[in-house]
Visitor: 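What follows is a single structure, and I will ask about it in a moment.
Each chain gets a letter, A, B and so on, in the order the sequences are listed, and its residues count up from 1.
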2 protein chains.
Amino acid sequence: MNLEQLGSFVEVASLGNFTRAADKLHLAQPSLSRQISALELDLGAELFHRARSGSTLTTAGEALLPLARRMLADAASVRHELAELAGLGRGRVRLGATPTLCISLVAEVLSAFHAAHPAIELHLSEQGSRLLLDELAAGELDLALITTSDAAAAERFTVTPLLVEELVVISSIASPPVTPRATIALDEVAALPQIVFSSTYDLRRTTDAAFRAAGLTPDVVLEGAEMDALLRFVERGLGVAIVPAMVLIDRPGLRSVRLGGPALTRTISLARPADVAPTAAVEVMQHTIAATATAFAARAGTSMRRASIVR
Amino acid sequence: MNLEQLGSFVEVASLGNFTRAADKLHLAQPSLSRQISALELDLGAELFHRARSGSTLTTAGEALLPLARRMLADAASVRHELAELAGLGRGRVRLGATPTLCISLVAEVLSAFHAAHPAIELHLSEQGSRLLLDELAAGELDLALITTSDAAAAERFTVTPLLVEELVVISSIASPPVTPRATIALDEVAALPQIVFSSTYDLRRTTDAAFRAAGLTPDVVLEGAEMDALLRFVERGLGVAIVPAMVLIDRPGLRSVRLGGPALTRTISLARPADVAPTAAVEVMQHTIAATATAFAARAGTSMRRASIVR
DNA sequence: CATATCGATAGCTTATCTGCATCGTAATGA
DNA sequence: TCATTACGATGCAGATAAGCTATCGATATG
């Protein structure tokens, strides 16, 4: 018996459906099935009546449910109490991140952090990597999530690589301009109607450089978009775009193809002031970011991987 | 955070000493150290002040302790409640085992089972494998732990191999008749003063056959001993003996040497009637036996391994 | 009768955990 | 003062378990 199994059990009990519970738990359905059956084997009793009209609790399941809830509640209490003790009852974290990260990784980080420590004040600065580092140096930020092509910052800051992420080509799932395939070459992309980011994006520099290096001129139908707008345009079939794999998470309206040849990647790193000792709240935020990044990498499959040097 | 870590934490907290807690938990000290530090990392707080004069709880540790205890108690309650539900509030298990097994594996099985299900009546029959199978056939036993050299029983019973165990040569740790070494040859053993079991033991048949096959005549100083007596004689330096590796667990007064050449082994199997459906209590006993056997194999190192076919 | 839904199973890969050996440090005794 | 001992931490290798994808079987539903 372990707490994850109990959590899974409670979720299935309240939803009455393995598949949906698995979704909610960010778990594949077979994994959930196995967790429950492991728990059943361990306890020596069936916990659910499996029927197509939903899974309902057996007598044993009903006996387990209240205690399972209490154990999970106790676990949450422990975290809460220790957080209070660590001085996380109040405090502030000022996080900076690039726009691409804000709608994906950062969203999850902040919601997880806020759920765990609701009393901590959160500030977010959405800027390009360059500006973020300036703010960090000026003491206006505690932490910054940046994309490090140039690791020139390593002098003044402690920079920890988190994720290495491929850039992929996205298109509408409704009217893809090309047939589905494993990879697409850069010159093929150049021939497709393309939507590109505003030139303030770090990403824009990377893709521009890649096309220029290949002697290609992309067929840009729309320029200057911010991330969210760009994704909507692509979803509507206005064109394709080159984006980090991460933004695809929870975007079912998009299809993606990996770039063939030398894959374009970006490294997402966490920067913090080298000299200042982090507060308790900031330290916990670092952990949250590291854990969330790992979870993203696991969920995204091969298009993203944990950077070798983690914390 | 998981229940094992919490159990370890509680144990360390009450003993104030990692090494001793590890012993009590049947865990190596490094493993315990890692469990605690994993828990500390997870909770973001040190739980113990490590000092040579003992490890004491930090404020965070003190906050955790009562909740940890409650969660563990809840886990125990769950098992207890479900056991009641499964009809384990009363019942009976009649277990048979060979004498060698009774003082080692069976002792642990029965104490674990009784701790979990105190209301179940336990009967133990200590006999040779042959007689045990007769009792099983006569319906006088529910389960029998036997050593299967001859798998002739497979017809009438369901026989599940549990462990394959080497026979080793033991001697007193105080006055070993030979210098410590990796293995010892059978002819060397024959030359040493030896204590052998009563001829009613299955083991006796195995060792006699091995010596005979090698054309050797062992120097028997004492014959006819029962297991416990034999071990005491060996501890006092009266002679050496050939015993299953299992009996060495928790016998610090003995040193053992593995037999060189073709190692003598015995396979410990669980036999049950093929036709009768087991009661809930008997089924749980089977699980307990399987789990304990696995734990033994893990603890005993290379001289014992789990049989390939395990439930 | 074809299809969709739902949970279980198989095979594989990856992450975690355990144990052994060893280290570093602080208290103890000669 | 220095060797010894006790205790917890760490590096490494092997074993265990947990995850995912793909697929299956069974049961409702159109």
Visitor: Roughly, in whole Å, what's the span from CG in B/D42 to C1' in C/dA15?
Guide: 16 Å
Visitor: Between A/V106 and A/L145, is there a side-chain heavy-atom distance shorter than 4.5 Å?
Guide: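 Yes. Closest side-chain heavy atoms under 4.5 Å.
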Visitor: Which atom pairs link the protein and nucleotides 22-25 of chain C when you take only N or O atoms and keep those under 3.5 Å?
Guide:
none

Visitor: Can you confirm whether A/V168 sits close enough to A/L259 that some side-chain heavy atom of one is under 4.5 Å from a side-chain heavy atom of the other?
Guide: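 No, every pair of side-chain atoms sits at 4.5 Å or beyond.
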Visitor: Mind calculating the distance between CZ (B/F48) and C1' (D/dG8) to the nearest angstrom?
Guide: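 So the two atoms are 12 Å apart, to the nearest Å.
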Visitor: Which nucleotide in the list D/dA9, C/dT18, D/dG19 gets nearest to the side chain of B/L27?
Guide: C/dT18
Visitor: For a 4.5 angstrom cut-off between non-hydrogen side-chain atoms, does B/S269 reach B/L162?
Guide: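 The answer is no; the side chains never approach within 4.5 Å.
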Visitor: Expressed in angstrom and rounded to an integer, what is the separation of B/L25 atom CG from C/dC17 atom P?
Guide: 16 Å
Visitor: Flag the pair A/S171 / A/R255 as yes when at least one side-chain heavy-atom distance between them is below 4.5 Å, and no otherwise.
Guide: yes
Visitor: Quickly work out the B/R50 CZ to D/dA6 C1' distance and round it to whole Å.
Guide: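 In whole Å, D/dA6 C1' lies 16 Å from B/R50 CZ.
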Visitor: Is any side-chain heavy atom of A/L270 closer than 4.5 Å to a side-chain heavy atom of A/L143?
Guide: yes
Visitor: Rounded off to whole Å, could you give me the NE2-to-C1' distance for the B/H49 and D/dG8 pair?
Guide: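 Taking atom C1' of D/dG8 as the reference, NE2 of B/H49 is at 16 Å.
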Visitor: Is there a donor-acceptor contact under 3.5 Å from the side chain of A/E108 to the main chain of A/L105?
Guide: no
Visitor: Return each pair, listed once, that meets salt bridge (Lys or Arg N to Asp or Glu O under 4.0 Å) where at least one residue sits in residues 1-29 of chain A; pairs must be two or more places apart or across chains.
Guide: A/E11-A/K24
Visitor: Calculate, to the nearest 0.5 Å, the distance between atoms OG and CE belonging to B/S77 and B/M71 respectively.
Guide: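 B/S77 OG to B/M71 CE: 13.0 Å, rounded to 0.5 Å.
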Visitor: Can you spot which of B/Q286, B/H287, B/M285 makes a side chain to side chain contact (heavy atoms under 4.5 Å, CB included) with B/I289?
Guide: B/M285
Visitor: Whether the side chain of B/E81 engages the backbone of B/V78 through a donor-acceptor N/O pair (distance < 3.5 Å, no angle test) should be reported.
Guide: no
Visitor: Hey, are the side chains of A/E165 and A/T265 touching, using non-hydrogen atoms and a 4.5 Å cut-off?
Guide: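 Side-chain contact under 4.5 Å: no.
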Visitor: Please classify the nucleic acid contact of A/A28 as base, sugar-phosphate, or nothing, using heavy-atom distances under 4.0 Å.
Guide: base
Visitor: Let's see if you get this right: which residues in residues 33-40 of chain B place a heavy atom under 4.0 Å from DNA chain C?
Guide: B/R34, B/Q35
Visitor: Specify the residues of residues 55-65 of chain B, ordered by number, for which at least one heavy atom lies under 4.0 angstrom from an atom of DNA chain C.
Guide: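 Heavy-atom cutoff 4.0 Å gives no residues at all.
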Visitor: What side-chain donor-acceptor pairs closer than 3.5 Å can you find for residues 36-49 of chain A, not counting sequence neighbours?
Guide:
residue: A/S37; atom: OG; partner: A/S33; partner atom: O; Å: 3.1
residue: A/S37; atom: OG; partner: A/R34; partner atom: O; Å: 3.3
residue: A/E40; atom: OE1; partner: A/R50; partner atom: NH1; Å: 3.3
residue: A/E40; atom: OE1; partner: A/R50; partner atom: NH2; Å: 3.2
residue: A/E40; atom: OE2; partner: A/L47; partner atom: N; Å: 2.7
residue: A/E40; atom: OE2; partner: A/R50; partner atom: NH1; Å: 2.8
residue: A/D42; atom: OD1; partner: B/R79; partner atom: NH1; Å: 3.2
residue: A/D42; atom: OD2; partner: A/M1; partner atom: N; Å: 2.5
residue: A/D42; atom: OD2; partner: B/R79; partner atom: NH2; Å: 3.0

Visitor: Does anything in residues 1-20 of chain B reach DNA chain C, meaning a heavy atom under 4.0 Å, and if so which residues?
Guide: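 When residues 1-20 of chain B is checked for heavy atoms under 4.0 Å from DNA chain C, the hits, listed by number, are B/E4.
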Visitor: Starting at atom NE2 of A/H26, determine the distance to atom C1' of D/dC20, rounded to an integer number of angstrom.
Guide: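 Distance, rounded to whole Å: 16 Å.
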Visitor: Set out, in order, the CA-CA distance, both residues' side-chain angles and the distance that settles side-chain hydrogen bond (donor to acceptor under 3.5 Å, both in side chains) for A/S8 and A/Q35, then state yes or no.
Guide: CA-CA 7 Å; A/S8 301; A/Q35 277 202 342; 2.3 Å; yes
